[in-house]
There are 2 protein chains.
Amino acid sequence: MTPKDPRWLTAEQRLAWLDMVRVLTRLPATLDAQLERDAGLSFFEYHVLSMLSEVPGHTLRLSRLAQLTSSSLSRLSNVVKRLEGRGLLRREPDPADGRASRAVLTDAGTAAVERAAPGHVTAVRELVVDPLDAVQLSQLHAAHERILDRLDPASSSRPEWLET
Amino acid sequence: MTPKDPRWLTAEQRLAWLDMVRVLTRLPATLDAQLERDAGLSFFEYHVLSMLSEVPGHTLRLSRLAQLTSSSLSRLSNVVKRLEGRGLLRREPDPADGRASRAVLTDAGTAAVERAAPGHVTAVRELVVDPLDAVQLSQLHAAHERILDRLDPASSSRPEWLET
DNA sequence: AGCGAATGGTTCAAGCGTCAAGTAAATTGG
DNA sequence: CCAATTTACTTGACGCTTGAACCATTCGCT
């Protein structure tokens with residue numbers, strides 16, 4: 001507990017971390033609530049559908065989709081099963097690999113994302129984008145990139161279709 | 001979907017948001033895994049115990065503890081029950097208010113936090129503090145403060161015992 | 001070619017979180 | 001000073017996530 005103990009944080013670091021934890025827990029909860037209320041989707045479900053909607057052919061292998069959404073394959077498999085049950089996507093065997101499945105967005109799935117997106121984006125604006133000016137947002141982004149270097153050194157959760 | 005559509009984000013904003021989502025999902029998962037593995041505690045449980053350990057008397061009302069940990073009272077109630085079962089804290093009726101309960105950290109609870117803290121802090125350092133220089137960290141903190149103005153305008157999750 | 005290891009995915013049980021309903025005590029306000 | 005409301009918390013049912021075990025297919029090696 002001495003100020004120089006390398007195991008602990010300085011007062012400033014500590015306060016910064018505490019506030020980060022507050023964001024880390026409240027922001028997802030708030031977005032989840034908004035999406036659930038206005039579109040009947042969890043944030044994770046929205047994320048899945050939204051990734052599919054951005055990719056050519058509206059289709060991705062489950063393993064890739066799991067990386068992109070930072071989820072376990074097990075969790076994704078369950079969610080995909082439910083979304084398939086709701087008709088928002090379907091599963092197809094991957095012709096290139098007998099083990100693999102592809103999730104394909106249906107028209108209903110596309111419609112669901114398009115219906116959910118405006119409200120979601122509004123929330124993201126309101127909570128994150130608007131309270132920061134352009135410089136602050138790019139600083140925030142830079143910090144996140146540094147953190148992601150550690151969290152995901154292989155960048156496996158980074159969508160390859162987005163330019164830096 | 002036009003570039004100026006106020007409902008959508010610019011390419012930069014979008015990329016910044018996407019990377020924030022990656023952090024938002026991976027960082028808690030990583031910290032959870034570390035704590036679970038090394039100390040048998042979830043991040044949320046650690047957070048609860050840690051808040052108690054920082055406060056004079058090692059005791060807080062459940063409602064206040066719920067605010068501080070950004071959780072529902074229901075979730076907290078369940079977790080407190082489990083932690084009480086493990087002997088890490090106990091519940092006492094609040095003499096000042098017949099409806100209220102106070103969670104009190106036991107010696108075993110204190111020991112558990114002290115055992116878990118070094119590894120946890122190391123992880124926080126490694127993933128968040130070390131990859132950023134002092135300026136970047138304070139910029140990150142400033143951004144989080146702006147975001148928290150929206151997420152928690154009443155600052156109810158802010159520990160009152162920490163100076164700004 | 002063939003064997004062992006790794007990969008892709010599914011499933012099930014156990015645990016945890018959420019939401020709605022319920023109890024009890026304190027506060028408000030008429 | 002009593003009824004209605006609000007606050008503090010608990011509980012139970014349900015749904016979701018996790019982790020382990022499992023099967024099938026493909027890859028890597030020799």
Side-chain angles (χ1 to χ4, degrees), chain A residues 24-26 28-37 40-49 59-86 88-104 154 156, chain B residues 24-26 28-37 40-49 59-86 88-104 154 156:
Chain A
L24 245 31
T25 58
R26 294 185 99 95
T30 305
L31 294 174
D32 247 319
Q34 182 275 322
L35 275 169
E36 197 70 59
R37 176 167 42 77
L41 292 171
S42 69
F43 179 64
F44 181 66
E45 291 168 335
Y46 175 81
H47 201 7
V48 166
L49 297 177
T59 180
L60 282 167
R61 291 172 69 150
L62 294 198
S63 46
R64 180 71 189 124
L65 197 45
Q67 293 177 329
L68 289 171
T69 56
S70 302
S71 83
S72 67
L73 204 41
S74 166
R75 179 186 188 188
L76 183 67
S77 179
N78 284 315
V79 169
V80 161
K81 194 200 308 173
R82 276 174 247 141
L83 291 176
E84 186 171 36
R86 292 165 64 178
L88 302 183
L89 54 77
R90 62 174 181 279
R91 270 181 289 194
E92 293 182 350
D94 186 335
D97 185 334
R99 297 165 300 180
S101 293
R102 314 188 127 270
V104 188
S156 57
Chain B
L24 245 32
T25 58
R26 294 183 100 94
T30 305
L31 294 174
D32 246 320
Q34 182 276 321
L35 276 169
E36 197 69 58
R37 175 167 44 76
L41 293 171
S42 68
F43 179 64
F44 182 67
E45 291 168 335
Y46 175 82
H47 200 7
V48 165
L49 297 176
T59 181
L60 282 168
R61 290 171 70 147
L62 295 199
S63 45
R64 180 72 189 125
L65 197 46
Q67 294 176 330
L68 288 171
T69 57
S70 303
S71 83
S72 66
L73 203 41
S74 165
R75 179 185 187 186
L76 183 68
S77 179
N78 284 316
V79 169
V80 162
K81 195 200 308 174
R82 276 174 245 141
L83 291 176
E84 186 170 36
R86 293 165 63 178
L88 303 183
L89 54 77
R90 62 173 181 284
R91 270 181 287 194
E92 292 182 350
D94 186 335
D97 185 333
R99 297 164 300 179
S101 292
R102 314 188 126 273
V104 188
S156 56

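Just so we're on the same page: letters track the sequence lines, and every chain starts at 1.
- For the atom pair A:Q67 CD and A:R64 CZ, the distance stands at 5.0 Å (nearest 0.5 Å).
- Following rounding to the nearest Å, A:R64 (CZ) and C:dT7 (P) show an atom-to-atom distance of 16 Å.
- Here A:K81 does not reach the OP1 or OP2 of C:dG9: none of its side-chain N or O atoms lies under 4.0 Å away.
- Nearest heavy-atom pair across A:T69 and A:L65 is OG1-O, 2.8 Å.
- Applying the salt bridge (charged side-chain N to carboxylate O under 4.0 Å, His left out) test to A:D97 and every residue at least two apart in sequence or in another chain returns A:R61, A:R99.
- Separating the CG atom in A:L89 from the CD atom in A:E45 is a distance of 10.0 Å, to the nearest 0.5 Å.
- B:L73 comes within 4.0 angstrom of a nucleotide base, judged by non-hydrogen atoms across all strands.
- Although no hydrogens or angles enter the test, the distance criterion places a donor-acceptor pair under 3.5 Å between the side chain of A:T59 and the main chain of A:A103.
- Taking atom CG of B:L62 as the reference point, atom P of C:dA25 lies 16 Å away to the nearest angstrom.
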Classify every nucleotide of nucleotides 15-20 of chain C by which part a protein heavy atom approaches to under 4.0 Å, writing B for the base, S for the sugar-phosphate alone and - for neither, in 5'-to-3' order.
-SSBB-

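- Scanning residues 88-101 of chain B for heavy-atom distances under 4.0 Å to DNA chain D yields B:R91, B:R99, B:A100, B:S101.
- In this structure the side chain of A:L35 never reaches within 4.5 angstrom of the side chain of A:H47, judged on heavy atoms.
- Between the CZ atom in A:R102 and the CG atom in A:L62 there is a gap of 9.5 Å [rounded to 0.5 Å].
- Here the straight-line distance linking atom CG of B:L83 with atom CG of B:L41 works out to 7.5 Å at 0.5 Å rounding.
- Axis orientation changes by 40° from one end of the helix from C:dA1-D:dT30 to C:dG30-D:dC1 to the other, with each end axis drawn from 5 pairs and the value rounded to 10°.
- The phosphate of C:dG9 (OP1 or OP2) has no side-chain N or O of A:S77 nearer than 4.0 angstrom.
- A distance of 4.0 Å separates CZ in A:R26 from OG in B:S70, rounded to the nearest 0.5 Å.
- Expressed to the nearest 0.5 Å, how far CG of A:L31 lies from CG of B:L24 amounts to 7.5 Å.
- Interface limits on DNA chain D: the 5'-most and 3'-most nucleotides within less than 4.0 Å of chain B heavy atoms are D:dT7 to D:dT11.
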Per-pair distances, 0.1 Å, donor-acceptor, side chain in residues 72-80 of chain B, under 3.5 Å, sequence neighbours excluded:
unit_1 : atom_1 : unit_2 : atom_2 : d
B:S72  : OG     : B:R75  : N      : 3.0
B:N78  : ND2    : B:S74  : O      : 3.2

